[in-house]
Amino acid sequence: MINRELIRIKIVQLTYAYYQNGNRNIDTAEKELIFSLSKAYDLYLYLLQLIVAVAKEERHRVEIGLQRALREGTEKPSTKFVDNKFAIQLEDNKMLASFIESQKLSWDDNIEFVRKLCNQIEESLAYQEYMESDDDSYEADREIWRKIYKQLIQENEDLDAVLEEKSLYWNDDKEVVDTFVLKTIKRFDPKNSSRQELLPEYKDDEDKDFARKLFRATILNADTYQRYMSETSRNWDFSRLAYMDVVIMQIAIAEMLTFPNIPVSVTINEYVDLAKLYSTYKSGGYINGMLDAIARHLVHTGKMMKQVDPR
């Protein structure tokens with residue numbers, strides 16, 4: 001689940017913090033990087049657990065409604081939503097259950113948020129259409145949860161506040177993690193029952209090594225990379241640059257030189273996007289031009305054996 005997009009984001013954040021911290025210890029900083037990435041995975045599982053928490057609250061509401069109907073002789077409430085086959089499969093998922101047990105994380109201490117979210121779900125058009133539909137297929141049950149997540153969980157200020165209280169890391173991670181929750185919902189297959197695999201923390205060891213190698217190369221070769229920046233632009237004035245711009249270009253150069261299989265164009269595009277996110281409004285265009293010039297300089301001087309797209 002922790003992909004290279006998220007790794008790059010974390011390295012930008014942690015490299016900037018490393019230089020702002022007076023006690024610069026690369027081993028400690030690397031541990032912080034790996035820990036912050038693991039917290040992103042915790043968030044992924046915690047958001048899946050939110051679906052289970054909503055399903056349980058809705059089941060509780062139906063049980064109360066059934067008791068009232070029996071007592072008062074009124075119409076029984078529909079059980080369609082609490083019988084949702086996708087939500088039941090997720091609740092029974094062994095990987096998620098193991099996480100809940102090991103991390104001791106629960107939505108019980110934020111039950112008011114869960115109840116408010118249930119109210120929002122019940123008032124939504126997607127929910128009402130689902131409840132009125134005769135389609136009782138697994139696909140329809142899975143699709144209603146995909147819609148609920150996109151419409152009511154992906155952008156939710158109350159949820160952001162809850163997550164900020166739980167972890168300082170989570171609000172920065174949520175936008176990326178949301179895409180993995182949606183991907184997981186789409187991947188669920190009834191044939192897999194409780195053994196449906198969730199996304200692994202890392203796709204493979206190569207991605208975990210990517211995080212460590214890129215961070216270390218960035219820090220340990222900082223002077224060399226900044227010299228390459230200066231050689232490319234003789235009139236370079238670091239004092240006039242946003243400090244984040246220097247950090248982002250430093251990481252981009254580290255990636256160009258450390259990972260021969262990543263095309264130069266991919267690296268440049270990734271860090272231009274990060275500049276737009278983390279630096280000034282002018283930074284994207286500036287960094288795009290500078291990284292292109294630096295890449296050509298590195299190839300021309302024999303420091304990098306990669307192709308650079310012709311102008």
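Computation of the quantities below employed the complete heavy-atom set of this structure, encompassing side-chain atoms and omitting hydrogens, waters and symmetry-equivalent molecules.
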Can you tell me if [atom1] on [X] sees more than 12 non-hydrogen neighbours from other groups inside 6.0 Å?
X      : atom1 : answer
Glu157 : CD    : no
Lys303 : NZ    : yes
Glu175 : CD    : no
Lys306 : NZ    : yes
Lys150 : NZ    : no
Glu155 : CD    : no
Glu206 : CD    : no
Asp204 : CG    : yes

To the nearest 0.5 Å, how far apart are [atom1] in [X] and [atom2] in [Y]?
X      : Y      : atom1 : atom2 : answer
His297 : Met290 : NE2   : CE    : 10.0 Å
Leu14  : Ser36  : CG    : OG    : 5.0 Å
His60  : Cys118 : NE2   : SG    : 10.5 Å
Glu197 : Asn192 : CD    : CG    : 8.0 Å

Minimum heavy-atom separation for Ala295 and Met256, please, with both atom names.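 Shortest heavy-atom contact: CB-SD, 4.0 Å.
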Could you pull out the closest heavy-atom pair between Ala211 and Leu33, with the gap in Å?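 Minimum heavy-atom separation between Ala211 and Leu33: O-CD2, 3.7 Å.
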Taking the inter-plane angle between the rings of Phe86 and Trp145 on a 0 to 90° scale, is it parallel (under 30°), tilted (30 to 60°) or perpendicular (over 60°)?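 Ring orientation, 0 to 90° scale: tilted.
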Taking the side chain as C-beta and beyond, is there a heavy-atom pair between [X] and [Y] under 4.5 Å?
X      : Y      : result
Gln20  : Tyr243 : yes
Val264 : Asp309 : no
Lys174 : Leu159 : yes
Met249 : Tyr271 : no
Phe215 : Ile251 : no
Leu47  : Phe180 : no
Leu50  : Leu117 : yes
Ile153 : Asn156 : no

If hydrophobic clusters are built from ILVMFWY residues whose side chains come within less than 4.5 Å, do [X] and [Y] share one?
X      : Y      : result
Tyr127 : Val82  : no
Leu45  : Leu105 : yes
Val12  : Phe35  : yes
Ile51  : Ile111 : yes
Leu182 : Leu6   : yes

Salt-bridge test for [X] and [Y]: reply yes if a basic N is under 4.0 Å from a carboxylate O, no otherwise.
X      : Y      : value
Lys213 : Glu30  : no
Glu57  : Arg61  : yes
Arg296 : Asp292 : yes
Lys104 : Glu101 : yes
Lys10  : Asp173 : yes
Glu231 : Arg227 : yes
Glu255 : Arg4   : no

Test Glu5 against every option in Ile7, Ile2, Asn3 by the side chain to side chain contact (heavy atoms under 4.5 Å, CB included) rule and name the one that passes.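 Single side chain to side chain contact (heavy atoms under 4.5 Å, CB included) partner of Glu5 among Ile7, Ile2, Asn3: Asn3.
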For [X] and [Y], does a side-chain donor sit closer than 3.5 Å to a side-chain acceptor?
X      : Y      : answer
Asp178 : Tyr149 : yes
Asp245 : Ser283 : yes
Ser137 : Asp135 : yes
Tyr44  : Glu201 : no
Gln250 : Thr218 : no
Asp42  : Tyr46  : no

Verify, without hydrogens or angle tests, whether [X] (side chain) and [Y] (backbone) share a donor-acceptor contact under 3.5 angstrom.
X      : Y      : answer
Asn110 : Phe113 : no
Asn84  : Asp141 : yes
Asn221 : Ala217 : yes
Asn288 : Gly284 : no
Ser193 : Arg195 : no
Ser98  : Lys94  : no
Ser230 : Gln226 : yes

Evaluate side chain to side chain contact (heavy atoms under 4.5 Å, CB included) for Ser124 paired with Leu152, printing each intermediate quantity in order. CA-CA 9 Å; Ser124 70; Leu152 299 172; 4.2 Å; yes
Could you walk me through whether Ile248 and Met244 pass the side chain to side chain contact (heavy atoms under 4.5 Å, CB included) test, one step at a time? CA-CA 6 Å; Ile248 288 171; Met244 181 61 83; 3.7 Å; yes
Hey, mind stepping through Glu164 and Trp170 against side chain to side chain contact (heavy atoms under 4.5 Å, CB included) and telling me if it holds? CA-CA 6 Å; Glu164 189 171 8; Trp170 280 357; over 6 Å; no
Worked check of salt bridge (Lys or Arg N to Asp or Glu O under 4.0 Å) between Lys166 and Asp109: CA-CA 11 Å; Lys166 290 285 184 182; Asp109 53 351; 2.8 Å; yes
Charged tip of Arg24 within 45° of Tyr19 ring normal and under 6.0 Å: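 No, cation not above the ring by the 6.0 Å, 45° rule.
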Over-ring placement of Lys80 relative to Tyr130, 6.0 Å and 45° cut-offs: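 So Lys80 does make the cation-pi contact.
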Go through it in stages, so that I can follow the logic: the residues are Asp189 and Arg142, the test is salt bridge (Lys or Arg N to Asp or Glu O under 4.0 Å), and I'd like the CA-CA distance, side-chain angles, deciding distance and then a yes or no. CA-CA 9 Å; Asp189 188 323; Arg142 185 176 56 198; over 6 Å; no
Does Tyr278 have its ring centroid less than 6.0 Å away from the ring centroid of Tyr16?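 Ring centroids of Tyr278 and Tyr16 are no less than 6.0 Å from each other.
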Step-by-step salt bridge (Lys or Arg N to Asp or Glu O under 4.0 Å) determination, Glu91 to Arg59: CA-CA 12 Å; Glu91 186 173 354; Arg59 188 180 305 131; 2.8 Å; yes
